[in-house]
Amino acid sequence: MAANSTKPSGQTGKMKKDESLLGKLGGTLVRKKKIKEVSDLQEEGKNAINAPLLHAGPELLPEDMLLEENAERTILDPTSREDLNFKDLQKVLIDWINSELEEDRIIVKDLEEDLYDGQVLQKLFEKLSGHKLNVAEVTQSEIGQKQKLQTVLEAVNGVLRPLDWNTEWSVDSIHSKNLVSIVYLLLALAIYYAAPIRLPEHVSVKVIVVKKKEGILQTAHVTKQLTSTTTEMMIGRSERDAFDTLLDHAPDKLNVVKTSLITFVNTHLNKLNLEVTELESQFADGVYLVLLMGLLENYFVPLYNFYLTPESFEQKVHNVSFAFELMQDGGLQKPKARPEDVVNLNLKSTLRVLYNLFTNYKNSE
């Protein structure tokens, strides 16, 4: 029996030894598992904390990360870059710039790549303002480009400052090819100088504002409105003139001015058995303006140069634009009003155009 009793005892000792070994191995595995779980939990917690700070959509480029404390950078959301309305707005601005700088043989194809160094912006502002800026013609270095931008933007801001214009641009943002800043600047110039273009309405873009605070990058999504309605954009356009004062402070005299202008235009249009009784609507399609210019300058305007019975908005704008060209050919300054404003029945714009004709041709028979 003793032999029988010692056998189980040996097996038990072996089992305990094996169990002890497995226990140690199991304990090690359990500890490693727990350590990994803790590590994963910490990483998850870290990600949860940083999730609102780091946007998972558009990737932040290295240059976007290099910010000083409390500095911020605005990045255009990729979805807005592909927005058709935003693309249309860019095309309108590019076509306008190329039209203004045609004599300088400057052709802009891309707003970011062609405007960041200040060269085109300098030429555009000089053309619009009629003032020459004291800057170097060609600057290759980054310092030289920023100095030119500084001069150009100071001149632009000096013109817009009396109107309390919000300047959504800076030397650094333009030079870093920030498309939103460049578009804001061009819109301000186009609106102030009454560019003969039709800006798309209600264009907005989404931007990501990246800011460094306490060494951590924080991001926020912001919607930027670039254009509103044509009427609202006209409020900030150009300097106030006699007609603004007339309409705001002496509306009772408005009828006197309108009567004088109607008498003036009918003196000439009556030669073609035409008569005007209402200014803003009867000149809105441009036909009477074209015919009036021919009468004032004593020449016949070929009918193939304009639409005698325009139907679309574009055809009416063509007629008014053509009349403006005839005015400039006659030695008059380029009208401050946009053709689109005349077509849209804007009274002040129509009055400005007709008063300019009255001033120059009031003694014509």
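The minimum heavy-atom distance between Gly330 and Tyr361, with the atom names listed, is O-OH, 4.2 Å. Considering all non-hydrogen atoms of both residues, Ile197 and Glu340 come closest at C-OE2, 3.2 Å. Nearest heavy-atom pair across Leu187 and Leu226 is CD1-O, 3.4 Å. Nearest approach of Pro200 to Val92, heavy atoms of both residues: CD-CG2, 4.2 Å. What you find for Gln282 and Tyr288 is that their closest heavy atoms are O-CD2, 3.8 Å. Closest approach of Val209 to Thr74, counting heavy atoms only: CG2-OG1, 4.3 Å.
At least one side-chain heavy atom of Val135 sits under 4.5 Å from a side-chain heavy atom of Gln122. Looking only at side-chain heavy atoms (C-beta outward), Thr79 and Asp83 stay at 4.5 Å or farther from each other. At a threshold of 4.5 Å between non-hydrogen side-chain atoms, the residues Lys123 and Gln119 count as touching. Two residues are said to be in side-chain contact when any heavy atoms from C-beta on lie closer than 4.5 Å; Tyr193 and Ser129 meet this criterion. Phe306 is listed as a side-chain neighbour of Leu291, based on a closest heavy-atom distance under 4.5 Å. No side-chain heavy atom of Thr167 sits under 4.5 Å from any side-chain heavy atom of Val156. Counting only heavy atoms from C-beta outward, the side chains of Leu121 and Leu185 approach each other to under 4.5 Å. Inter-residue side-chain proximity for Val276 and Phe283 is flagged as met; some heavy-atom pair is nearer than 4.5 Å.
Not counting sequence neighbours, Leu84 has no partner by the side chain to side chain contact (heavy atoms under 4.5 Å, CB included) test. Taking the ring-ring contact (aromatic ring centres under 6.0 Å, His included) definition, one finds that Phe86 meets it with nothing, sequence neighbours left out. For Ser170, the side chain to side chain contact (heavy atoms under 4.5 Å, CB included) partners two or more places apart in sequence, or in a different chain, are Asp172, Ser173. With sequence neighbours excluded, the residues that form a side chain to side chain contact (heavy atoms under 4.5 Å, CB included) with Lys316 are Asp285, Pro310, Val343. Partners of Lys91 by side chain to side chain contact (heavy atoms under 4.5 Å, CB included), not counting sequence neighbours, listed by chain and number: Asp95.
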Side chain to side chain contact (heavy atoms under 4.5 Å, CB included) between Tyr184 and Asn178, intermediate numbers included: CA-CA 10 Å; Tyr184 265 124; Asn178 185 307; over 6 Å; no

Check against side chain to side chain contact (heavy atoms under 4.5 Å, CB included), His221 and Ile208: CA-CA 5 Å; His221 292 258; Ile208 304 165; 3.9 Å; yes

Test side chain to side chain contact (heavy atoms under 4.5 Å, CB included) applied to Ile97 and Leu111, step by step: CA-CA 10 Å; Ile97 296 171; Leu111 294 180; 4.2 Å; yes

Test log, rule side chain to side chain contact (heavy atoms under 4.5 Å, CB included), inputs Leu101 and Ile107: CA-CA 8 Å; Leu101 302 181; Ile107 299 178; over 6 Å; no

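Placement of Tyr116 and Ile75 in two distinct hydrophobic clusters is found when ILVMFWY residues are connected by side-chain heavy-atom separations under 4.5 Å, directly or transitively. Val353 and Val301 fall within a single hydrophobic cluster, where Ile, Leu, Val, Met, Phe, Trp and Tyr are joined by side-chain heavy atoms under 4.5 Å apart, directly or via other members. Under the 4.5 Å side-chain heavy-atom criterion for ILVMFWY residues, no single connected hydrophobic cluster contains both Tyr299 and Tyr304. Each of Val342 and Tyr307 belongs to its own hydrophobic cluster when Ile, Leu, Val, Met, Phe, Trp and Tyr are linked at side-chain heavy-atom distances under 4.5 angstrom. In the hydrophobic clustering of ILVMFWY residues, with side-chain heavy atoms under 4.5 Å counting as a link, Leu345 and Val265 come out apart.
Using the six-membered ring where Trp is involved, Phe264 and Phe358 have ring planes that are perpendicular, over 60° apart on the 30 and 60° scheme.
By the 6.0 Å contact criterion, NZ on Lys127 is enclosed, its count of non-hydrogen atoms from other residues, nucleotides or ligands being greater than 12. Within a 6.0 Å radius of CG in Leu303, other residues, nucleotides and ligands contribute more than 12 heavy atoms.
If you take CG on Asp341 and CG on Leu347, they are separated by 12.0 Å, rounding to the nearest 0.5 Å. In this structure, CG in Leu179 is found 6.0 Å from CG in Leu76, a value given to the nearest 0.5 Å. For the atom pair OG1 (Thr227) and NE2 (His202), the distance works out to 7.5 Å, reported to the nearest 0.5 Å. One finds the CG atom of Leu295 at 10.5 Å from the CZ atom of Phe300 (value rounded to the nearest 0.5 Å). Expressed to the nearest 0.5 Å, how far CE of Met327 lies from CG of Asn356 amounts to 7.5 Å. Taken to the nearest 0.5 Å, the CD1 atom of Ile174 stands 13.0 Å off from the CD atom of Gln145.
Under the side-chain hydrogen bond (donor to acceptor under 3.5 Å, both in side chains) criterion, the residue pairs touching residues 96-114 are Arg81-Glu112, Trp96-Glu100, Glu100-Lys334, Glu113-Lys177, with sequence neighbours excluded.
A donor-acceptor pair under 3.5 Å is formed between the side chain of Glu126 and the backbone N or O of Leu133.
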